[in-house]
Amino acid sequence: MKCTRCKSTAVVALPSHHAGFCPDCFLQFFSRQVERGIHSQQLFTNGDRILVALSGGKDSLALALELKLQGYDVSGLHVDLAIPISSVSARAAVEAFCGQHGIPLLVRDMAAEGLPIPLVKKRVKRPICSVCGKIKRHFFNRAALEHGFTVLATGHNLDDEVARLFSNVLRWDVAYLSDQGPGLPAETGFARKVKPLWRLSEFETANYAFLRGIEHHIAPCPYSPGATFTAYKGLWTDLEARMPGRKLDFYQGFLKNGRPIFNRVEEESGERLAPCRSCGCPTSAETCGVCRIKDMLAQPEA
Ligand SMILES: [Zn+2]
Ligand SMILES: [Zn+2]
């Protein structure tokens with residue numbers, strides 16, 4: 001197979017784009033997709049200070065590197081979950097990456113915050129992945145606001161977004177459908193949130209990370225089988241193989257025709273948020289969910 005652009009030997013085949021690329025042309029293709037994703041959704045500009053949430057996985061590191069190469073003002077944030085072995089390796093990958101590429105890094109340590117995830121898992125009787133996700137989003141948002149960043153970016157790719165959208169559609173979850181998308185504007189107490197890799201698949205991001213020599217953290221979270229999302233991703237991989245391009249069409253169709261409608265419905269029933277008594281983050285209760293977990297963990301076990 002020959003490269004669609006320069007006719008040298010192609011190394012990455014992309015049926016959904018009816019194309020195949022050599023390494024250099026693939027990296028250019030990737031950059032253009034990120035640029036299109038940013039500009040078409042007006043995610044941010046060169047004047048923004050961007051904080052990228054770095055888990056240590058390939059997607060978030062690829063995102064930080066690509067934005068930096070495109071000349072954006074990029075810093076990293078890592079939330080150390082204090083999970084034995086896995087968190088040590090994730091943090092080391094992030095620190096090495098940021099050192100290598102000259103990217104300033106903030107770290108929030110959940111053990112120091114009184115919220116080590118193994119203890120949270122033991123004491124909170126809810127699925128750990130949703131609680132852990134809530135804690136991470138809480139600290140991402142706080143760090144962005146405290147340090148004056150205008151944008152908080154995450155490495156979610158097209159496969160993540162389509163699996164989430166599909167899951168929200170299966171449940172007809174109006175609240176989630178109303179604000180799912182590559183960009184969420186800032187509100188009182190919330191930083192603007194963006195997902196600049198939304199046009200790129202997991203396969204494309206993995207190829208980018210490989211070709212750029214990014215050394216990422218590989219071990220999956222020991223608590224997260226992620227079974228539901230993996231099943232949805234499998235369905236979409238099959239569909240995409242039969243109908244190349246369907247994934248991006250489904251997602252873009254939702255952004256254009258679906259989200260505005262859910263947004264309107266949700267605004268009409270919008271609940272009031274007030275600052276958490278303890279940390280100041282917006283919440284519908286007096287104390288936010290994360291501070292409630294923290295308080296509970298500080299109590300002796302019943
Ligand atoms: Zn080429
Ligand atoms: Zn709070």
What's the spacing between C276 SG and H138 NE2 if we round to 0.5 Å? 7.0 Å
Between the CD atom in E267 and the CG atom in D179, the distance rounded to the nearest 0.5 Å is 10.5 Å
Would you say N157's side chain and D159's backbone share a donor-acceptor pair under 3.5 angstrom? yes
Hydrophobic cluster membership, F21 vs M1, 4.5 Å side-chain cutoff: no
List, one per line, each side-chain donor-acceptor pair under 3.5 Å for residues 75-87, sequence neighbours excluded.
residue: H78; atom: ND1; partner: L54; partner atom: O; Å: 2.8
residue: D80; atom: OD1; partner: A82; partner atom: N; Å: 2.9
residue: D80; atom: OD2; partner: R91; partner atom: NH1; Å: 2.9
residue: S87; atom: OG; partner: A82; partner atom: N; Å: 3.3
residue: S87; atom: OG; partner: I83; partner atom: N; Å: 2.8
residue: S87; atom: OG; partner: I83; partner atom: O; Å: 3.3

Report yes if some heavy atom in the side chain of F44 is under 4.5 Å from a heavy atom in the side chain of T150; otherwise report no. no
Out of curiosity, does F139 fall in the hydrophobic cluster containing L145 (side-chain heavy atoms, cut-off under 4.5 Å, transitive links)? no
Might you point out which heavy atoms bring R142 and C279 nearest each other, and give the distance in Å? NH1-CB, 3.7 Å
Does L152 share a hydrophobic cluster with L273, counting links as ILVMFWY side-chain heavy atoms below 4.5 Å and allowing steps through other members? no
Tell me the closest heavy-atom pair linking Q299 and R123, and the distance in Å. O-NH2, 3.4 Å
Quick one: does any side-chain atom of S167 pair with a main-chain N or O of A163 as donor and acceptor, under 3.5 Å? no
L177 and W172: side-chain contact (heavy atoms from CB on, under 4.5 Å), yes or no, with the steps? CA-CA 8 Å; L177 287 166; W172 293 115; 4.2 Å; yes
Quick test of your reading of the model: are E146 and R108 salt-bridged, counting only N-O distances below 4.0 Å? yes
Nearest-0.5 Å distance that lies between atom NZ in K122 and atom CG in L297: 10.0 Å
Is any side-chain heavy atom of H17 closer than 4.5 Å to a side-chain heavy atom of Q33? yes
Quick check on R36: does its CZ atom have over 12 non-hydrogen neighbours (other residues, nucleotides or ligands) under 6.0 Å away? no
Is any side-chain heavy atom of R137 closer than 4.5 Å to one of K193? no
Exercise: identify the closest heavy-atom pair between A93 and G56: CB-O, 4.4 Å
Heavy atoms of other groups near Q70 CD, more than 12 under 6.0 Å: yes
Locate the shortest heavy-atom distance separating A64 from V74; write the atom from each residue and the value. O-CG1, 4.2 Å
side-chain contact (heavy atoms from CB on, under 4.5 Å) between I38 and T45, worked out: CA-CA 8 Å; I38 294 168; T45 67; over 6 Å; no
Is any side-chain heavy atom of C3 closer than 4.5 Å to one of D24? no
Under a 4.5 Å side-chain heavy-atom rule over Ile, Leu, Val, Met, Phe, Trp and Tyr, are L119 and V88 clustered together? no
What distance separates I135 CD1 from L115 CG, expressed to the nearest 0.5 Å? 5.0 Å
Under a 3.5 Å distance rule, please check whether H39 uses its side chain to pair with a backbone N or O of E35 as donor and acceptor. yes
L106 side chain near H147 side chain, heavy-atom distance below 4.5 Å: yes
Does the side chain of I261 come within less than 4.5 Å of R264's, by heavy atoms? yes
Give a yes or no on this: more than 12 heavy atoms of other residues, nucleotides or ligands lie within 6.0 Å of atom CD of Q252. yes
Looking only at atom types and distance, does a side-chain atom of R246 sit under 3.5 Å from a main-chain N or O of L239, one as donor and one as acceptor? no
Does a side-chain N-to-carboxylate-O contact under 4.0 Å join K195 and D160? no
Nearest 0.5 Å, what's the OG1-CG distance between T287 and D295? 7.0 Å
Counting N and O atoms only, with roles assigned by atom type, does the side chain of E240 sit under 3.5 Å from a partner on the main chain of L248, one being a donor and the other an acceptor? no
Working to the nearest 0.5 angstrom, can you tell me the gap between I293 CD1 and R126 CZ? 5.0 Å
Check the surroundings of atom CZ in R171: do more than 12 heavy atoms from other residues, nucleotides or ligands lie under 6.0 Å from it? yes
Heavy-atom pair of closest approach, residues K68 and I103: CD-CG1, 3.9 Å
Given E95 and L105, is the side-chain contact (heavy atoms from CB on, under 4.5 Å) satisfied, shown in steps? CA-CA 8 Å; E95 286 174 343; L105 174 66; 3.8 Å; yes
Side chain proximity check, R164 to Y176, heavy atoms < 4.5 angstrom: no
Any donor-acceptor N/O pair, S60 side chain to S55 backbone, under 3.5 Å: yes
Report yes or no: is the cationic atom of R49 (NZ for Lys, CZ for Arg) closer than 6.0 Å to the six-membered ring centre of F149, at no more than 45° off its axis? yes
List the steps and the verdict of side-chain contact (heavy atoms from CB on, under 4.5 Å) for V151 and L43. CA-CA 9 Å; V151 178; L43 298 184; over 6 Å; no
So F29 and T4, do their side chains get closer than 4.5 Å, heavy atoms only? no
Count I, L, V, M, F, W, Y as connected when their side-chain heavy atoms are under 4.5 Å apart, and connections chain through other members. Are V265 and V169 then in the same cluster? yes
Tell me whether K247 contacts the main-chain N or O of P244 through its side chain, where contact means a donor paired with an acceptor under 3.5 Å. no
If you take all heavy atoms of G181 and L255, which pair is closest and at what distance? CA-CD2, 3.9 Å
So ring-ring contact (aromatic ring centres under 6.0 Å, His included) across residues 196-222, not counting sequence neighbours, yields F30-Y208, W198-Y251
